[in-house]
Amino acid sequence: MNVREHLLCLTDELRRLKAEGSRTVTVNEESIAELRRAVEVARAELGTLSPAEPAAVASEEPAAAPAAVAEPPRSFTASTFAPPPPPPRIVPTNAPSSLGTPPPFTLPSGSKQERWNALREIVLNDATCKAHCYAGKKVVFGVGDIDTKIMFIGEAPGADEEEQGEPFVGRAGQLLNRMIKAMGLERSQVYIGNILNWRPEMGARSADGFQTGNRPPTQDEMAYCLPFIRAQIEIIQPRVLVALGKTAVDGLLGADRFKTMGAARGAWHAYNGILLRATYHPSYLLRQEGLTSAPAKKIKRDAWEDLLAVMEKAELPISEKQRGYFKTG
Ligand code: URA
């Protein structure tokens, strides 16, 4: 049942009680908070479904400053991972797909940790993922707190990530760590994943034979890896997803939902019943560092406002100092 169907059931029940003559119902604080969240998700879903999106100027930081975000553990019973339907037109229907989709995989019933461990093994041993890694480099799976409220999703591993087998450990990762710190959290308190599990092949090699440069994943590559990030989201069930950059937006919401990051950010969207905020990719923000022009300052403030919105939804404390980061004028 999706959020809207839950709400419809609830309103039906309230109508039935009213017809029976009930005039009051007792609802505890926890249920009220859950209801509020459900309404927010339904609103975001409606926003996601609205046909006209204003195209905005494409643009993709915050820095330094100071509570944990563990959700109560949830129990899982389903043993087979049934991925939700793919978002529209990740792979155009007439486009030949050379990679296809990964072999169907089954996750064990059991604890969240057991399911996550099983998924990690599946991805790290996936023949296609391994075949796309340059010799000696690693397939990269998500890391962090699987009971977190906040899950960040980036694009694809770069040189440092494929070396260490961990997402966001290079320069962009250092900036992401500072962003997380500015939210009052440690990296270990959130979950970080990527749309793609390997570093996209460039073809170009340095004199010592190593791959140089990065490129965004192709639709074909994304389509192959999407079931893996979707399964991570399904297991973790964070309260908020943060899509870092346009590739993550395209992967999670659909490739033709938004023309630019500027159009996707600044509002709530819904991914499979979970609130999603899109913001600029740390690599893009790195390119604004040191720039003092008004547009560069606005980009940093906009990105920080996205994170403030995420903090509010995750019920993190926000100080006045934090609210003021990157404010201009
Ligand atoms: N950029 C990403 O999108 N992901 C990483 O893991 C590193 C850099």
Side-chain angles (χ1 to χ4, degrees), residues 58-62 90 119-120 123-124 126 129-130 132-134 137-146 148 150-181 186-188 190-202 204 210-226 228-233 236 238 241-253 255 258 260-261 264-265 271 276-289 299 303 306-307 310:
S59 15
E60 283 228 15
E61 163 191 323
I90 284 296
L119 179 62
R120 184 172 183 273
V123 176
L124 296 186
D126 181 82
C129 290
K130 287 200 324 202
H132 278 85
C133 289
Y134 192 62
K137 306 299 177 191
K138 296 182 176 141
V139 176
V140 179
F141 190 67
V143 287
D145 181 1
I146 61 170
T148 188
I150 305 175
M151 181 164 175
F152 290 90
I153 300 174
E155 179 176 295
D160 298 296
E161 289 77 22
E162 67 166 359
E163 184 71 40
Q164 297 182 40
E166 182 169 332
F168 282 101
V169 289
R171 276 191 73 223
Q174 282 157 22
L175 176 55
L176 179 60
N177 292 349
R178 294 205 295 280
M179 290 159 68
I180 292 167
K181 257 223 164 349
E186 296 299 327
R187 180 179 164 99
S188 60
V190 300
Y191 190 89
I192 305 173
N194 273 319
I195 294 288
L196 209 70
N197 300 93
W198 61 78
R199 180 181 179 195
E201 167 79 52
M202 286 292 286
F210 287 105
Q211 182 177 194
T212 59
N214 292 310
R215 64 158 171 84
T218 62
Q219 292 190 339
D220 204 22
E221 290 170 327
M222 283 169 70
Y224 188 86
C225 288
L226 273 170
F228 299 142
I229 192 69
R230 288 199 188 122
Q232 287 168 83
I233 298 170
I236 292 167
L241 287 164
V242 187
L244 298 168
K246 186 73 167 45
T247 297
V249 170
D250 289 353
L252 298 174
L253 296 181
F258 299 102
T260 63
M261 264 313 293
R265 61 151 301 278
Y271 166 85
L276 181 149
R277 196 85 179 182
T279 195
Y280 300 115
H281 191 285
S283 298
Y284 179 80
L285 294 174
L286 277 174
R287 296 202 285 278
Q288 316 302 319
E289 269 191 350
I299 287 164
D306 291 328
L307 297 185
V310 169

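Order of listing sets the numbers, starting from 1, for every ligand and every atom in it.
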So, are E163 and K138 salt-bridged, with charged N and O less than 4.0 Å apart?
no
By the definition side-chain contact (heavy atoms from CB on, under 4.5 Å), identify the one residue from P167, S283, P217, P200 that meets it with E155.
P217
If I take atom CD1 from residue I153 and atom CG from residue L276, how far apart are they, to the nearest 0.5 angstrom?
7.5 Å
Should we say atom CZ of R171 is surrounded by more than 12 heavy atoms from elsewhere, each under 6.0 Å from it?
no
Nearest heavy-atom neighbours spanning F258 and D250:
O-OD1, 4.4 Å
Any N or O of E166 closer than 3.5 Å to N or O of ligand 1:
no
Which is closest to atom 2 (C) of ligand 1 by heavy-atom distance: A156, P167, P157?
A156
Under 4.0 Å to a heavy atom of G154 - the qualifying atoms of ligand 1, by number:
3 (O)
Are any of the N or O atoms of F168 closer than 3.5 Å to those of ligand 1?
yes
Is E155 touching ligand 1 with its side chain, its backbone, both, or neither, if touching means heavy atoms under 4.0 Å apart?
both
Below 3.5 angstrom, do we get any N/O pair linking N194 and ligand 1?
yes
Does some non-hydrogen atom of H281 fall short of 4.0 Å from ligand 1?
yes
First locate atom CD of Q232, then atom OH of Y191, and finally report the distance between them rounded to the nearest 0.5 Å.
3.5 Å
